[in-house]
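The structure appears below as structure tokens.
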Amino acid sequence: MNGIGQTSLLIVWICTFFCFCICLYGLWQVSTANKQDKNRRQREKIIIEQLRQAVDHTPYDTDLETVIAKQIKRLIKKEEALVDLNRALQQIDAGEIPLNLAFQTLIDRFGKKSPIVRGYLAEMAASYGVTTKGVYDFLSDNLQGSAENLRLQILKTASTLSFDQLLLKALKQLNDDQWHLDQKLLVDCLQCYGDEPHKLELLLSDHFDEFHYQVQCAIIDYYQAKTYEEISPVLLKRLLAPNINKEVCIAIIKYFSKITYPPVQSCLLTLADHTVWEYAAIASKALASYPSHGTVIQLKKRLGDKNWYIRYNCAMSLAELCDEDEIMTILKSADPFARDIMTYALNLQQNKWYQSWSKKGEGLCPG
């Protein structure tokens, strides 16, 4: 027993020692972080003072842009200092500081560094609106064979700075490489476009057929996000094409579910009765934006479909479109699938009439 007690005591001491070491390591981490943060603020302060001094004391007959470039070249010698420069520029009015020549200095010094550093340079160029030829060439040169995150940042920067041809080049590069890219990220990049309204929409429309279906779907999602209604006739024409890609077709249907365009209704009715269940399900959801007697008839037709998604979308659309008498007719129908899915949809939408009716004790399935 004495030996067991000594062993237990030894284990307790070892555990205590390791806990003490962990606490010391945590305190060292906090101390180091505080010291680094203090040094960072000091470096930022020096950069701000130097740049403001250059702006305030440079003679009128001296090129301020050259002075700023020399100051930044002297101050920013390491990659880590780019973060300090960026933070400093955010704290002062960067609009009064000409950065074109200074950015060329940064590109010359850091333009061949790691993808992370190059991506950070591209982000800074977008943030401060530097649209020089040097920036354009830097972005263009980094499209080929670069890491995915860098190419995405270049695309976003090209969009922000309205480098139209570079934007198309970046999209085609992604397209040719068959590089998998989340469509939402691509849409976010396109939404950063900084030039006049609808210029990018027209540009993408002119080159739409040059892209792979994944990029095409992202472009359609971008049209939807920008509520670009002028493209509706073109998209309807593509929707009617016999050889349309399945994913592109689905993206167009989703577009018309958000952007109402009456001439598309007959096409949506046809798709809602399609044998491909994805077309039928998504078109049935889109028909909620196109109320008519024909729409209600078509939705009721597929309300008892064997595919749950078709039934669900039909029921959700009918719950929005139908009045109380039409809903009651469905709830009293002989089809148990139609009754169940309609009840489910009404509960999801918290239909006040249905909730009041069901509380009266008349039952959830009157059929």
Side-chain angles (χ1 to χ4, degrees), residues 182-184 187 213-214 216-229 231-241 244-324 326-331 333 335-355:
D182 187 288
Q183 287 178 205
K184 187 179 184 304
V187 173
Y213 78 89
Q214 288 181 318
Q216 289 180 343
C217 289
I219 292 173
I220 296 169
D221 290 347
Y222 168 72
Y223 289 151
Q224 177 180 320
K226 298 292 285 187
T227 60
Y228 183 53
E229 300 178 0
I231 200 67
S232 295
V234 177
L235 292 182
L236 175 56
K237 185 177 179 181
R238 294 186 184 279
L239 190 60
L240 295 171
I244 185 172
N245 176 273
K246 181 179 179 180
E247 298 300 324
V248 174
C249 180
I250 291 173
I252 294 177
I253 297 173
K254 289 180 178 179
Y255 167 89
F256 283 121
S257 71
K258 300 294 184 182
I259 311 297
T260 305
Y261 182 60
V264 81
Q265 183 172 1
S266 60
C267 183
L268 291 177
L269 288 170
T270 302
L271 288 168
D273 203 31
H274 206 284
T275 55
V276 178
W277 74 266
E278 292 96 335
Y279 291 168
I282 299 171
S284 296
K285 181 178 180 180
L287 283 171
S289 301
Y290 300 86
S292 72
H293 180 66
T295 295
V296 173
I297 291 176
Q298 175 56 48
L299 293 173
K300 285 182 177 180
K301 180 181 177 181
R302 301 297 293 268
L303 195 59
D305 196 273
K306 64 180 181 180
N307 185 286
W308 186 88
Y309 294 100
I310 296 176
R311 297 201 309 272
Y312 172 76
N313 284 342
C314 285
M316 293 296 285
S317 294
L318 285 169
E320 293 184 30
L321 298 175
C322 291
D323 58 23
E324 297 174 7
E326 288 177 314
I327 292 176
M328 183 63 72
T329 301
I330 298 171
L331 293 176
S333 69
D335 187 343
F337 289 107
R339 295 199 308 265
D340 290 345
I341 200 67
M342 197 68 219
T343 300
Y344 182 60
L346 291 169
N347 281 320
L348 279 181
Q349 294 189 7
Q350 297 182 345
N351 184 284
K352 293 183 179 179
W353 166 82
Y354 175 75
Q355 290 178 339

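Hydrogens, waters and symmetry mates play no part in the numbers below; they use all other heavy atoms, side chains included.
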Find out whether [X] and [Y] are in side-chain contact, i.e. whether some heavy atom of one side chain is under 4.5 Å from a heavy atom of the other.
X: Gln214; Y: Glu247; result: no
X: Leu331; Y: Leu346; result: yes
X: Lys301; Y: Ile297; result: no
X: Ser289; Y: Phe256; result: no
X: Tyr344; Y: Tyr312; result: yes
X: Ser284; Y: Tyr309; result: no

Which value, rounded to the nearest 0.5 Å, describes the distance between [X] atom [atom1] and [Y] atom [atom2]?
X: Ile220; Y: Ile252; atom1: CD1; atom2: CD1; answer: 4.0 Å
X: Cys322; Y: Met342; atom1: SG; atom2: CE; answer: 6.0 Å
X: Asp323; Y: Ile327; atom1: CG; atom2: CD1; answer: 7.5 Å
X: Leu321; Y: His293; atom1: CG; atom2: NE2; answer: 13.0 Å
X: Ile253; Y: His274; atom1: CD1; atom2: NE2; answer: 9.0 Å
X: Glu320; Y: Leu299; atom1: CD; atom2: CG; answer: 10.5 Å

Partner set under ring pair (Phe, Tyr, Trp, His ring centres under 6.0 Å) for Tyr255, not counting sequence neighbours: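 Ring pair (Phe, Tyr, Trp, His ring centres under 6.0 Å) check on Tyr255 returns nothing, list empty.
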Looking only at non-hydrogen atoms, find the nearest pair between Cys249 and Leu239 and report the distance. SG-CD1, 3.7 Å
Given side-chain contact (heavy atoms from CB on, under 4.5 Å), test Thr260 with Glu229 step by step and report yes or no. CA-CA 8 Å; Thr260 305; Glu229 300 178 0; over 6 Å; no
Inspect the surroundings of NZ in Lys285 and state if more than 12 heavy atoms from other residues, nucleotides or ligands are less than 6.0 Å away.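 Counting other residues, nucleotides and ligands, NZ of Lys285 stays at 12 neighbours or fewer.
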Ignoring hydrogens and angles, tell me if any N or O in the side chain of [X] forms a donor-acceptor pair with the backbone of [Y] under 3.5 Å.
X: Arg311; Y: Asp305; answer: yes
X: Asn245; Y: Tyr213; answer: no
X: Arg302; Y: Ile310; answer: no

Would you tabulate the side-chain donor-acceptor contacts of residues 263-271 under 3.5 Å, counting partners in other chains and residues two or more places apart, or write 'none'?
unit_1, atom_1, unit_2, atom_2, d
Gln265, NE2, Tyr290, O, 3.3
Gln265, NE2, Ser292, OG, 2.8
Gln265, NE2, Thr295, OG1, 2.9
Thr270, OG1, Ser266, O, 3.1

